Number of protein chains: 2
Amino acid sequence: MEQNKIPQATAKRLPLYYRFLNNLNQQGKKRVSSKELSEAVKVDSATIRRDFSYFGALGKKGYGYNVEYLLGFFRSTLDQHEVTEVALIGAGNLGTAFLKYSFMKNNNIRITKAFDADWEKVGTDIDGVPIYHVDQLFEKLEDTKVVILTVPATEADNIADKLVQAGVNGILNFTPARITVPSHVRVHHIDLAVELQSLVYFLKHYPLDTKE
Amino acid sequence: MEQNKIPQATAKRLPLYYRFLNNLNQQGKKRVSSKELSEAVKVDSATIRRDFSYFGALGKKGYGYNVEYLLGFFRSTLDQHEVTEVALIGAGNLGTAFLKYSFMKNNNIRITKAFDADWEKVGTDIDGVPIYHVDQLFEKLEDTKVVILTVPATEADNIADKLVQAGVNGILNFTPARITVPSHVRVHHIDLAVELQSLVYFLKHYPLDTKE
DNA sequence: ATTAATATGTGAAAAATGTCACGACATTTC
DNA sequence: GAAATGTCGTGACATTTTTCACATATTAAT
Ligand SMILES: NC(=O)c1ccc[n+]([C@@H]2O[C@H](COP(=O)([O-])OP(=O)(O)OC[C@H]3O[C@@H](n4cnc5c(N)ncnc54)[C@H](O)[C@@H]3O)[C@@H](O)[C@H]2O)c1
Ligand SMILES: NC(=O)c1ccc[n+]([C@@H]2O[C@H](COP(=O)([O-])OP(=O)(O)OC[C@H]3O[C@@H](n4cnc5c(N)ncnc54)[C@H](O)[C@@H]3O)[C@@H](O)[C@H]2O)c1
């Protein structure tokens with residue numbers, strides 16, 4: 001587990017940095033400063049330098065960062081050299097959108113299996129990803145450790161239990177339900193209705209600069 | 001703009017509280033403690049009490065909170081008495097999933113218009129939401145202030161400019177692009193690939209309790 | 001009534017995160 | 001090769017957020 005000294009806030013930004021470095025590299029750029037990067041990812045340049053510094057001295061004073069080197073460093077830090085296989089539970093509206101999206105474009109992550117309760121869907125595939133019945137979780141999940149959860153909220157806790165039993169230790173939960181899991185399992189909630197509602201709240205209650 | 005003293009972290013949790021209070025109310029529950037609420041929404045009970053306290057004394061010592069009263073309070077705080085109309089740009093895979101989802105179930109928010117560049121889609125509707133051509137933004141957007149952005153990343157900045165010109169001041173951006181907008185416009189980014197990647201990173205690099 | 005139990009609201013402390021500003025060094029220019 | 005410029009890495013400081021822990025008020029029980 002090496003040093004878990006890296007602040008969580010930093011860890012959440014790493015994939016973002018990685019993606020932009022990838023872009024720059026593809027554009028043939030050789031060097032980049034924290035200031036440039038800052039403008040691209042909208043994170044303060046001092047924060048970026050601080051973030052990078054947790055990993056040691058990655059840059060050169062007066063020069064900036066070598067794109068290729070930095071990219072390589074993050075590639076290994078983010079384990080981008082090997083494919084991470086992910087499963088999806090609930091191939092409905094939202095689930096289907098994810099299945100059709102290629103996370104491989106920017107990340108070495110692939111959804112390789114889907115599960116649903118609907119027999120109409122079971123046996124078919126979406127963009128090459130096979131859909132199994134949710135009762136086959138134990139046989140088919142194999143050693144998949146990370147799961148995207150897009151089932152109806154009422155099913156969330158029930159499915160989560162099964163996932164934990166099947167050895168999953170990471171769940172990206174899109175249902176509005178706050179699921180209960182043992183402490184060795186990590187859940188990240190993405191609550192789209194809350195995000196929308198809170199944006200609306202901020203607009204109504206927080207002052208925004210009126211100048212151009 | 002009343003008191004903008006409420007911390008941002010608190011503001012982001014308000015819609016979550018609201019939804020769970022709604023659930024409780026529908027279940028006929030009359031009172032609730034910060035401890036109960038904590039277990040449901042997975043937020044520390046002290047944090048919940050602190051959050052509520054920014055709005056004054058909403059509870060009663062030794063009793064807890066009156067569900068109906070609290071719900072009513074948040075309903076008006078979150079402007080849930082009036083419908084907030086939202087537009088969506090880019091009726092692709094992700095956009096269509098949103099159009100088919102009823103945010104009205106838990107929030108008084110409705111997507112009422114969609115825009116796309118694809119003439120095959122223009123003129124049709126998805127679950128009753130009409131799709132206009134993106135060139136008609138200025139005529140059709142009217143006084144919509146909040147927009148969900150689900151276009152290809154390459155189009156994001158371009159569309160964002162137009163939205164700003166059309167008077168939009170809130171954008172929920174699902175594209176991987178970090179868009180540039182004037183300071184009177186608020187953008188919330190939901191970067192699904194980053195979320196997935198960072199979950200994977202946390203699993204590999206952060207210790208989790210191994211006990212049950 | 002008296003006591004025990006409960007649960008808020010908050011001062012104070014701690015933890016986490018973000019920003020400033022500058023010394024040190026590398027690069028570039030002249 | 002000297003001077004000017006650019007940019008990192010970081011100590012110190014600022015801000016935000018979370019958590020502790022308890023005085024205080026209310027309810028519930030006997
Ligand atoms: N679509 C959106 O825009 C949106 C927005 C916010 C939240 N959400 C949440 O995301 C989740 C999915 O939303 P959706 O719109 O895709 O719903 P959906 O109804 O289209 O899809 C749900 C899928 O889950 C399957 N399913 C049902 N029970 C199951 C079970 N026990 N095991 C496995 N699969 C099962 C259904 O067959 C269906 O295919 C919901 O919890 C919803 O609240 C969706
Ligand atoms: N689908 C996912 O799971 C997923 C995951 C992560 C990120 N994203 C991001 O979300 C965005 C949308 O993804 P998607 O999968 O729905 O893509 P998509 O290609 O299915 O949909 C994009 C839609 O935008 C429309 N469009 C193109 N140019 C336009 C323009 N100038 N104005 C208006 N509409 C325009 C297209 O006609 C299409 O309907 C992309 O930026 C993608 O990177 C999607």
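Fair warning: this is a prediction, and the values are worked out from it, not measured in the lab. Here is the naming used below: chain letters follow the sequence lines, and residue numbers restart at 1 for every chain. Hydrogens, waters and symmetry mates are skipped; everything else that's a heavy atom, side chains included, is used.
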Self-check item: Non-neighbouring partners of A/Thr10 that pass side chain to side chain donor-acceptor pair (under 3.5 Å), sequence neighbours left out
Solution: A/Asp51

Self-check item: Results of side chain to side chain donor-acceptor pair (under 3.5 Å) for A/Asp191 - residues two or more places apart only
Solution: A/Arg178, B/Arg19

Exercise. Would you classify A/Ser45 as touching base, sugar-phosphate or nothing, given that sugar-phosphate means primed atoms plus P, OP1 and OP2, and contacts are heavy atoms under 4.0 Å?
Key: nothing

Exercise. Identify whether any heavy atom of B/Thr10 sits under 4.0 Å from a base atom; if not, whether one sits that close to sugar-phosphate; answer base, sugar-phosphate or nothing.
Key: nothing

Starting at [atom1] of [X] and ending at [atom2] of [N], how long is that distance when rounded to a whole Å?
X       : N      : atom1 : atom2 : result
B/Ile48 : D/dC20 : CD1   : P     : 14 Å
B/Leu70 : C/dT8  : CG    : C1'   : 13 Å
A/Asn66 : D/dG6  : CG    : P     : 21 Å
B/Tyr69 : C/dT8  : OH    : C1'   : 14 Å
A/Phe55 : D/dT10 : CZ    : P     : 14 Å
A/Gln8  : D/dT18 : CD    : P     : 12 Å
B/Glu39 : C/dA7  : CD    : C1'   : 14 Å
B/Asp51 : C/dT8  : CG    : C1'   : 14 Å

Self-check item: Sequence-distant partners of A/Phe52, ring pair (Phe, Tyr, Trp, His ring centres under 6.0 Å), two or more places apart
Solution: A/Tyr17, A/Tyr65, A/Phe74

Quiz item: Quick one: ring pair (Phe, Tyr, Trp, His ring centres under 6.0 Å) partners of B/Tyr63, sequence neighbours excluded?
Solution: none

Quiz item: Could you give all pairs that pass the side-chain hydrogen bond (donor to acceptor under 3.5 Å, both in side chains) test and reach residues 146-173 of chain B, with sequence neighbours left out?
Solution: B/Asn173-B/Thr175, B/Asn173-B/His189

Quiz prompt | A/Tyr18-A/Phe20 aromatic ring centre distance below 6.0 Å | solution = no

Practice problem: Output yes when at least one side-chain N/O atom of B/Thr47 is less than 4.0 Å from OP1 or OP2 of D/dT17, else no. | Solution: no

Practice problem: Check whether any side-chain N or O of B/Tyr65 sits under 4.0 Å from OP1 or OP2 of C/dG9, and answer yes or no. | Solution: yes

Selection [range] - residue pairs positive for salt bridge (charged side-chain N to carboxylate O under 4.0 Å, His left out), sequence neighbours left out:
range                       : answer
residues 62-89 of chain B   : A/Lys204-B/Glu82, B/Lys30-B/Glu68
residues 94-115 of chain B  : B/Lys113-B/Glu142
residues 163-172 of chain A : none

Quiz item: Between B/Phe73 and B/Phe55, how do the two ring planes meet: parallel, tilted or perpendicular, split at 30° and 60°?
Solution: perpendicular

Quiz item: Considering only heavy atoms, which members of residues 188-196 of chain A lie under 4.0 Å from some atom of DNA chain D?
Solution: none

Exercise. Apply side chain to side chain contact (heavy atoms under 4.5 Å, CB included) to B/Asp116 and list each qualifying residue two or more places apart in sequence or on a separate chain.
Key: B/Ala91, B/Asp118, B/Lys121, B/Ile131

Quiz prompt | From C/dT8, C/dG18, D/dT18, nucleotide with atom closest to A/Arg13 side chain | solution = C/dG18

Practice problem: Using both pair distances under 3.5 Å as the test, note the stems of at least 3 consecutive Watson-Crick or G-U pairs that include DNA chain D. | Solution: C:1-30 with D:1-30

Quiz item: Does a salt bridge link A/Lys29 with A/Glu36, judged by any charged N lying under 4.0 Å from a carboxylate O?
Solution: yes

Quiz item: Taking protein heavy atoms under 4.0 Å as touching, what does nucleotides 20-30 of chain C look like 5' to 3' if B marks base contact, S marks sugar-phosphate-only contact and - marks none?
Solution: -B-BBBSSS--

Quiz item: Given that A/Ser53 and A/Gly64 both sit by DNA chain D, which one's nearest nucleotide is further toward the 5' end?
Solution: A/Gly64

